[in-house]
Amino acid sequence: MPFVTDIKIFAALGTGVIGAGWIARALAHGLDVHAWDPAPGAEAALRTRIANAWPALEKQGLAPGASVQRLRFFADLDACVRDADFIQESAPERLDLKLDLHARISAAARADVIIGSSTSGLLPSEFYAEARHPERCVVGHPFNPVYLLPLVEVVGGERTAPEAVQAAISIYSALGMRPLHVRKEVPGFIADRLLEALWREALHLVNDGVATTGEIDDAIRFGAGLRWSFMGTFLTYTLAGGDAGMRHFMAQFGPALKLPWTYLQAPELTEQLIDDVVAGTTVQQGQRSLAELERYRDDCLLAVLGAIRETKARHGFDFED
């Protein structure tokens, strides 16, 4: 059975930070969006989030017909997905909840409609176990803010059809995203496994009194983070190897991997460590509201993305390279 890839109605289930980000991206691309979330006050909170994100999307450029007026909020899950051409679930990370939710979603949706989940670590073979037509079910794991960051990790389960993975990649690409096909089901997929390792080490540095949260963030944003935004880790280290490239880098710095620089295991989350992290990030936030910080983050991301796009074009690279 061919899967729908020409999307006109985008259904979003779960309207927290990630779900709202999907909705904002879909609206900005000129789609009709059907949203559902059983939490009290969910619709009002969603519309507030969309309003806060919209200025950044206007700066980035809206598709013809894009409008926040194309968002409809549903009280009934079945009605929300019944006419949808694509469905993205962004519910809390609980296996029991997702099992039940996807059984309900897949029973109500058309059989040729791709169903994606925003899960950041649960495996699709597990939470799609009771879904109807599981061959069309995938993970589409995005990054916050979803309406600006292009990466989405696409993961199939044991019963996912290869054609469904390709259909999902096509759909996400049409939404202006950079799909990354994760070849195997592994907890945390790719990006979150890397982020988790960095997060553990950062917590150890705070716990051991080596640095404050602000100093650790400075180490990233004024150092490696600038390189990562356009070159990543492996290509950066290739340059660090000089004319001999990566092979020389591995020979020169490989022995350091045996040194006990890192802990890898996370520190115990004591009340003291939690207090230290909260105190540090409170200082970093200052008097700015979270909404103000989100707009600041969005403007910075637009500036970085724009600068990378312009520079790549000058050097003959596509933005996707």
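The chain is numbered in sequence order, starting from 1.
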SB check [X] [Y] (cutoff 4.0 Å):
X	Y	value
Lys98	Asp100	no
Asp85	Arg110	yes
Lys59	Asp298	no

Mind listing the closest non-hydrogen atom pair of [X] and [Y] along with its distance?
X	Y	answer
Glu158	Ser125	N-OG, 2.6 Å
Phe73	Ala42	CZ-CB, 3.9 Å
Gly116	Tyr128	C-OH, 3.7 Å
Val138	Ala168	CG2-CB, 4.0 Å
Leu27	Ile50	CD1-CG2, 4.2 Å
Thr15	Ala35	CG2-CB, 4.1 Å

Is atom [atom1] of [X] surrounded by more than 12 heavy atoms (other residues, nucleotides or ligands) closer than 6.0 Å?
X	atom1	result
Arg70	CZ	yes
Met231	CE	yes
Tyr237	OH	no

Original post:
Does the ring centre of Trp22 sit less than 6.0 Å away from the ring centre of Tyr172?
Top reply: yes

Within this structure, what is the [atom1]-[atom2] distance for the pair [X] and [Y], rounded to the nearest 0.5 Å?
X	Y	atom1	atom2	value
Thr48	Glu43	OG1	CD	10.5 Å
Arg47	Ile23	CZ	CD1	9.5 Å
His248	Thr238	NE2	OG1	12.5 Å
His204	Arg200	NE2	CZ	8.0 Å
Leu101	Glu130	CG	CD	12.0 Å
Ser170	Phe3	OG	CZ	13.0 Å

Looking at [X] and [Y], would you say the former's side chain and the latter's main chain have a donor-acceptor pair under 3.5 Å?
X	Y	answer
Glu153	Ala191	yes
Arg193	Pro187	yes
Arg178	Leu151	no
Asn207	Leu273	no
Thr281	Val278	yes
Asp37	Ala39	yes
Arg25	Leu149	yes
Gln285	Arg288	yes
Ser106	Ala131	no
Glu215	Thr212	yes

Subject >> Thr160 vs Glu135, side-chain hydrogen bond (donor to acceptor under 3.5 Å, both in side chains): CA-CA, chis, key distance, verdict >> reply: CA-CA 4 Å; Thr160 304; Glu135 66 276 4; over 6 Å; no

With side chains defined as the heavy atoms from C-beta onward, is the minimum distance between [X] and [Y] less than 4.5 Å?
X	Y	value
Leu175	Phe10	yes
Trp36	Val81	no
Val154	Leu180	no
Ile308	Ser229	yes
Asp217	Gln284	yes
Arg72	Val33	no
Val139	Phe189	yes
Asp192	His141	yes

Is it the case that one hydrophobic cluster holds both [X] and [Y], taking links as side-chain heavy atoms less than 4.5 Å apart, direct or via other members?
X	Y	answer
Phe234	Phe249	yes
Leu239	Phe230	yes
Ile9	Ile7	no
Ile220	Leu235	no
Leu95	Ile18	yes

Subject >> Residue pair Leu46, Leu71: steps toward the side chain to side chain contact (heavy atoms under 4.5 Å, CB included) verdict >> reply: CA-CA 10 Å; Leu46 169 62; Leu71 169 62; 3.9 Å; yes

**OP:** Tell me, with the steps shown, if Arg297 and Asp299 meet salt bridge (Lys or Arg N to Asp or Glu O under 4.0 Å).
**Re:** CA-CA 6 Å; Arg297 174 203 63 194; Asp299 280 349; over 6 Å; no

Subject >> Step-by-step side chain to side chain contact (heavy atoms under 4.5 Å, CB included) determination, Ile114 to Ile87 >> reply: CA-CA 6 Å; Ile114 298 293; Ile87 300 164; over 6 Å; no

Original post:
Stepwise, does the side chain to side chain contact (heavy atoms under 4.5 Å, CB included) test hold for Leu13 with Gln88?
Top reply: CA-CA 6 Å; Leu13 308 175; Gln88 185 77 26; over 6 Å; no

**OP:** Show your reasoning for whether ring-ring contact (aromatic ring centres under 6.0 Å, His included) applies to Phe127 and His102.
**Re:** CA-CA 7 Å; Phe127 64 80; His102 282 289; 5.5 Å; yes

**OP:** Report yes or no: do Glu89 and Ser118 form a side-chain donor-acceptor pair below 3.5 Å?
**Re:** no

Original post:
So, Thr119 versus Glu93: side-chain donor-acceptor pair below 3.5 Å or not?
Top reply: yes

**OP:** Kindly indicate, with the supporting measurements, whether the criterion side chain to side chain contact (heavy atoms under 4.5 Å, CB included) is fulfilled by Leu195 and Trp199.
**Re:** CA-CA 6 Å; Leu195 293 173; Trp199 176 236; 6.0 Å; no

